[in-house]
Amino acid sequence: MNKSKTVKRLTVRRFVILALLILITIGLWHIGLLDVAQWSLAAGRLREFSCGLFPPQLNSLPTLAGAMIETVEIAFLGTMLGFFAALPIAFLASTIFSGTAVAYAVRLMIGAVRTVPSILWGIIFVVAFGLGPAAGTIGVAFYTLGYLGKLYYEVFEGVDAEVLEAVRGVGCSRLQLMLYAVLPESANAILSQLLFMFEYNIRASAIMGFVGAGGIGYYLLGYVQMLQYRNLLTALLLTFVVVMAVDCLSRKLRTAILPANPITS
Amino acid sequence: MLKTAGLDTHAANLYNPCLIARDVWFSYDGHTHILKGINLMVERGIMTMILGRSGSGKTTLLRLLKGLLHPQKGSVEVRFSAAGRIPDRIIAYVPQHLGLVRNLTAVENVLIGCLSSIGTIRSILRAFPKTAIEEAQEILRELGLSHKMDEPVSALSGGQRQRVAIARALMLKPEMILADEFVSQLDPVTTREMFVIMHRFTKRGVGFLMTTHETDLVADYADRIVIMKEGVITYEGQQGGLSEPEMIELLG
């Protein structure tokens with residue numbers, strides 16, 4: 001009885017793997033990646049392209065540095081605006097603060113905001129604010145709001161029920177409960193996720209310029225379109241260095257601020 | 001006036017009780033009754049202990065007395081010693097794991113006790129009245145925590161945390177403190193210290209109602225003993241009325 005069960009499970013697993021392989025093959029064929037001629041053509045073009053990249057054109061560095069600073073600005077301001085909007089909205093989305101109906105309505109709204117990627121928010125706000133970093137900043141802020149809003153209300157819901165009960169027991173208001181029990185209990189998670197968000201937003205801001213919403217993306221796209229590959233390499237290297245630097249900085253910050261081991265009660 | 005069942009109003013007036021439970025029935029799911037007709041008077045100025053095994057309903061009773069749960073049948077009455085007091089502040093509740101906010105300091109946790117008396121703007125700005133801060137510091141000093149006031153609660157020892165929890169309760173100027181399995185995690189020496197502290201406050205008129213499953217604790221420190229078994233009170237009396245073996249027998 002037991003043995004046949006094992007055999008059955010193995011057969012099912014084999015079938016699933018086979019089905020997956022067939023599905024992948026059909027997919028690859030459908031989008032034209034099974035064509036050998038196409039691959040050799042692509043390899044040739046890639047070789048040509050990478051030869052054109054070197055050496056990097058350093059004349060464009062001053063211009064690019066300015067654009068890169070703008071990118072960091074967009075990421076920082078967008079993250080901050082999104083963060084300060086996400087906190088009160090996450091309050092509203094938590095059942096500790098709101099009634100169930102309000103909480104779920106706000107959650108639905110947060111979900112809707114999150115389904116739109118930041119680059120699309122960029123396009124929307126280029127229409128509203130015109131070309132430039134203002135559109136990018138607001139775009140990043142909206143995506144951040146959707147993302148942190150969800151993470152934060154989930155953290156809030158996880159706060160120890162006994163702490164809530166004890167603080168509620170002194171007869172304080174809901175807002176006081178959020179400020180003096182829920183926020184401090186969630187502080188570590190809030191900070192950690194904020195830093196992750198900033199790292200993510202640096203990358204998102206780097207491509208905001210594709211849609212004219214400011215920063216280095218404008219040059220990245222422009223150099224590709226004008227076949228200025230040596231300038232493109234400079235821009236790519238600069239982006240790479242800055243992204244790595246921000247990641248490193250935020251990792252350092254996280255370990256400095258947050259306790260190494262979780263606090264036990 | 002509330003209907004009395006098993007208790008007459010005259011007796012209630014005689015003892016000056018702070019909390020009166022009358023024929024309290026409670027069930028979480030609507031079928032299994034956790035409490036089956038509890039009648040209890042809890043007085044100010046003494047240490048009352050509810051002794052019972054786990055599952056006897058003692059925590060549920062405590063939560064009902066605080067008003068965190070509501071009885072399906074029967075009533076809980078809070079007797080005010082003076083008019084105009086907020087019910088939430090007359091009865092303080094210390095949950096089993098204390099419910100302290102771990103990232104806040106000891107003094108901040110104590111200040112939570114005065115939140116209901118400060119306004120919204122002040123609480124957003126964290127601008128506590130100077131008198132409240134001094135009061136919180138004074139309470140912590142009295143409980144022997146003057147050197148730990150500005151440390152986060154997560155950095156304190158078990159005994160120190162229990163003191164912070166008591167300090168937060170005292171900040172309400174309560175007439176009754178309900179504590180669930182309060183000293184159950186502490187060593188005997190620290191337990192004794194905690195009871196010396198609590199005794200100081202019962203002398204000033206604060207009542208303590210504490211649940212426990214440890215008979216030696218009851219024998220050593222209770223002024224009044226209540227024994228619960230399967231949702232009913234099987235014994236109620238003054239300290240000295242029962243020996244430890246008798247308690248164990250009543251616990252079942």
Side-chain angles (χ1 to χ4, degrees), chain A residues 83-92 94-98 152 155-195 253-265, chain B residues 59 62-63 65-69 85-105 108-126 128 152-156 158 161 164-165 168-174 177-180 185:
Chain A
F83 169 68
F84 283 115
L87 276 181
I89 287 180
F91 274 22
L92 290 173
S94 82
T95 48
I96 302 164
F97 186 76
S98 307
Y152 286 173
V155 171
F156 294 165
E157 295 291 312
V159 168
D160 187 353
E162 231 186 30
V163 175
L164 298 181
E165 201 162 74
V167 175
R168 255 190 217 119
V170 305
C172 65
S173 68
R174 285 177 177 205
L175 183 64
Q176 288 173 330
L177 182 70
M178 297 308 286
L179 293 176
Y180 286 88
V182 176
L183 271 190
E185 282 285 291
S186 319
N188 295 352
I190 288 174
L191 244 120
S192 161
Q193 281 156 1
L194 176 63
L195 285 169
L253 257 169
R254 197 176 304 125
T255 43
I257 295 168
L258 304 178
N261 48 339
I263 303 156
T264 50
S265 63
Chain B
T59 298
L62 220 58
R63 290 161 58 86
L65 292 173
K66 170 60 190 172
L68 295 168
L69 300 172
R85 290 215 59 189
I86 305 167
D88 263 338
R89 299 179 69 86
I90 291 182
I91 312 295
Y93 175 66
V94 181
Q96 188 177 358
H97 302 291
L98 309 178
L100 296 172
V101 183
R102 288 166 295 184
N103 279 339
L104 294 183
T105 64
E108 284 170 329
N109 265 285
V110 178
L111 281 168
I112 283 177
C114 76
L115 277 181
S116 65
S117 57
I118 69 168
T120 307
I121 302 293
R122 266 179 178 273
S123 53
I124 290 172
L125 298 175
R126 301 198 166 227
F128 287 94
V153 163
S154 53
L156 301 182
R161 286 180 199 181
V164 175
R168 181 182 60 194
L170 287 169
M171 195 67 188
L172 300 168
K173 300 193 185 71
I177 296 178
L178 311 181
D180 194 10
Q185 320 268 330

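Below, chain A is the first sequence line, B the second, and so on; all start at residue 1.
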Leu125(B) atom CG, over 12 foreign heavy atoms within 6.0 Å: yes
Contact class of Leu175(A) relative to chain B, heavy atoms under 4.5 angstrom: side chain
Heavy-atom contact with chain A under 4.5 Å, split by part of Ile124(B): both
Contact class of Ile112(B) relative to chain A, heavy atoms under 4.5 angstrom: both
Check: Val101(B) main-chain N/O paired with Tyr180(A) side-chain donor or acceptor under 3.5 Å: no
Residue pairs passing the salt bridge (Lys or Arg N to Asp or Glu O under 4.0 Å) test where at least one lies in residues 183-195 of chain A, sequence neighbours excluded: Glu185(A)-Arg102(B)
Between Gln96(B), Arg168(B), Glu108(B), Met171(B), the one whose heavy-atom pairs under 4.5 Å with chain A are most numerous: Gln96(B)
Gap separating the CG atom of Leu115(B) from the OG atom of Ser173(A), nearest 0.5 angstrom: 7.5 Å
Within residues 84-91 of chain A, residues adjacent to chain B where the heavy-atom gap is under 4.5 Å: none
Pairing residues for Arg168(A) by the salt bridge (Lys or Arg N to Asp or Glu O under 4.0 Å) criterion, not counting sequence neighbours: none
Residues that Glu165(A) engages under salt bridge (Lys or Arg N to Asp or Glu O under 4.0 Å), provided they are two or more places apart: Arg63(B)
Where Gly169(A) and Lys66(B) come nearest, the two heavy atoms and their spacing: O-NZ, 2.7 Å
Shortest non-hydrogen contact between Ala166(A) and Gly99(B), atoms and distance: CB-O, 3.6 Å
